[in-house]
J.: 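Right, I'll just put the structure down here and ask away after.
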Amino acid sequence: MDLPSSLDSIAELIRRKAVTETTAKGQVSGADKSTHTQAQRAPAQKPTPEALKQRIVGLISAIDQDDVRKKHKVVRLFVENVLTWQFGEELRNDPSFSSLVDEVGAAMEGEAGLVDELMRIGEKK
């Protein structure tokens, strides 16, 4: 699987998981709803998918290869960036953002091969 298609499919998985989690738990606050609507109304203002990919690759590449928590950091970094890209930077200020990132990250870690694919991203720079 090549890098662009891997990132696209993983990002779509995160987006679906985030929407499902927030909707099921009723955690979409007024700010989240307006951010989601804003993201849909003004797609030209958010970075392109390619810019997002480059940002993620750069951030993952910067993580120390010997860091014992590298896998966790890679997953968290990826989830945070995809969610804020999809729903807007304001989402980071939502009190439930950290727990949402944790839940989506845990779900990703449960998917066979998904974390390994993310770990390879920094190597393909």
Side-chain angles (χ1 to χ4, degrees):
M1 190 180 300
D2 68 345
L3 178 61
S5 65
S6 296
L7 286 175
D8 290 340
S9 59
I10 295 168
E12 179 61 18
L13 173 70
I14 290 173
R15 188 193 66 73
R16 277 194 242 138
K17 177 69 175 164
V19 170
T20 301
E21 290 289 329
T22 56
T23 303
K25 293 183 177 185
Q27 292 179 340
V28 179
S29 68
D32 291 341
K33 290 176 187 172
S34 65
T35 300
H36 181 68
T37 303
Q38 179 185 10
Q40 288 178 332
R41 266 191 258 140
Q45 292 180 352
K46 72 180 184 179
T48 65
E50 186 58 38
L52 173 66
K53 290 173 195 174
Q54 292 304 316
R55 175 179 166 79
I56 291 171
V57 167
L59 292 169
I60 289 174
S61 297
I63 299 172
D64 184 359
Q65 294 296 321
D66 298 326
D67 190 329
V68 295
R69 294 183 34 95
K70 182 175 179 168
K71 282 187 179 184
H72 175 75
K73 288 180 179 181
V74 165
V75 170
R76 185 160 187 92
L77 183 148
F78 187 82
V79 172
E80 286 175 351
N81 279 276
V82 171
L83 288 175
T84 56
W85 176 79
Q86 179 68 40
F87 299 109
E89 284 293 324
E90 297 83 14
L91 182 61
R92 288 184 192 271
N93 298 326
D94 189 292
S96 62
F97 180 66
S98 183
S99 62
L100 176 62
V101 170
D102 290 340
E103 289 175 26
V104 174
M108 285 183 62
E109 290 173 4
E111 295 288 324
L114 198 56
V115 176
D116 293 335
E117 188 67 30
L118 284 174
M119 295 296 291
R120 285 191 287 274
I121 289 172
E123 300 166 6
K124 296 180 181 181
K125 188 174 180 182

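The figures here come from the full heavy-atom set of this structure, side chains too, leaving out hydrogens, waters and symmetry mates.
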J.: State the CD1-NZ distance between I63 and K71, to the nearest 0.5 angstrom.
T.: 13.0 Å
J.: Find out whether I56 and V82 are in side-chain contact, i.e. whether some heavy atom of one side chain is under 4.5 Å from a heavy atom of the other.
T.: yes
J.: Can you see whether S98 engages R76 through a side-chain donor-acceptor pair at a distance of less than 3.5 angstrom?
T.: yes
J.: Report the C-alpha distance between L83 and V79 in whole Å, list the side-chain angles of each, state the deciding distance to 0.1 Å, and finish with yes or no for side chain to side chain contact (heavy atoms under 4.5 Å, CB included).
T.: CA-CA 6 Å; L83 288 175; V79 172; 3.7 Å; yes
J.: Might you point out which heavy atoms bring V74 and M119 nearest each other, and give the distance in Å?
T.: CG2-SD, 3.8 Å
J.: Please list, chain by chain and in numerical order, all residues satisfying side-chain contact (heavy atoms from CB on, under 4.5 Å) with L59, sequence neighbours excluded.
T.: R55, L77, N81
J.: May I have the step-by-step check of side chain to side chain contact (heavy atoms under 4.5 Å, CB included) for D64 and R69, ending in yes or no?
T.: CA-CA 10 Å; D64 184 359; R69 294 183 34 95; over 6 Å; no
J.: Taking all atoms of both residues into account, what is the closest heavy-atom pair of P47 and W85, and its distance?
T.: O-NE1, 2.6 Å
J.: Drop me the distance from D94's CG to T84's OG1, to the nearest 0.5 angstrom.
T.: 13.0 Å
J.: If you compare all heavy atoms of V115 against all heavy atoms of E109, which two are closest, and at what distance to 0.1 Å?
T.: CG2-CA, 3.7 Å
J.: Which heavy-atom pair separates F97 from L91 by the least distance, and what is that distance?
T.: CB-O, 3.3 Å
J.: Taking side-chain hydrogen bond (donor to acceptor under 3.5 Å, both in side chains) as the definition, give me every residue that meets it alongside K73, ordered by chain and number, with sequence neighbours left out.
T.: D67
J.: Could you give the distance from CZ (R120) to CD1 (I60), rounded to the nearest 0.5 Å?
T.: 12.0 Å
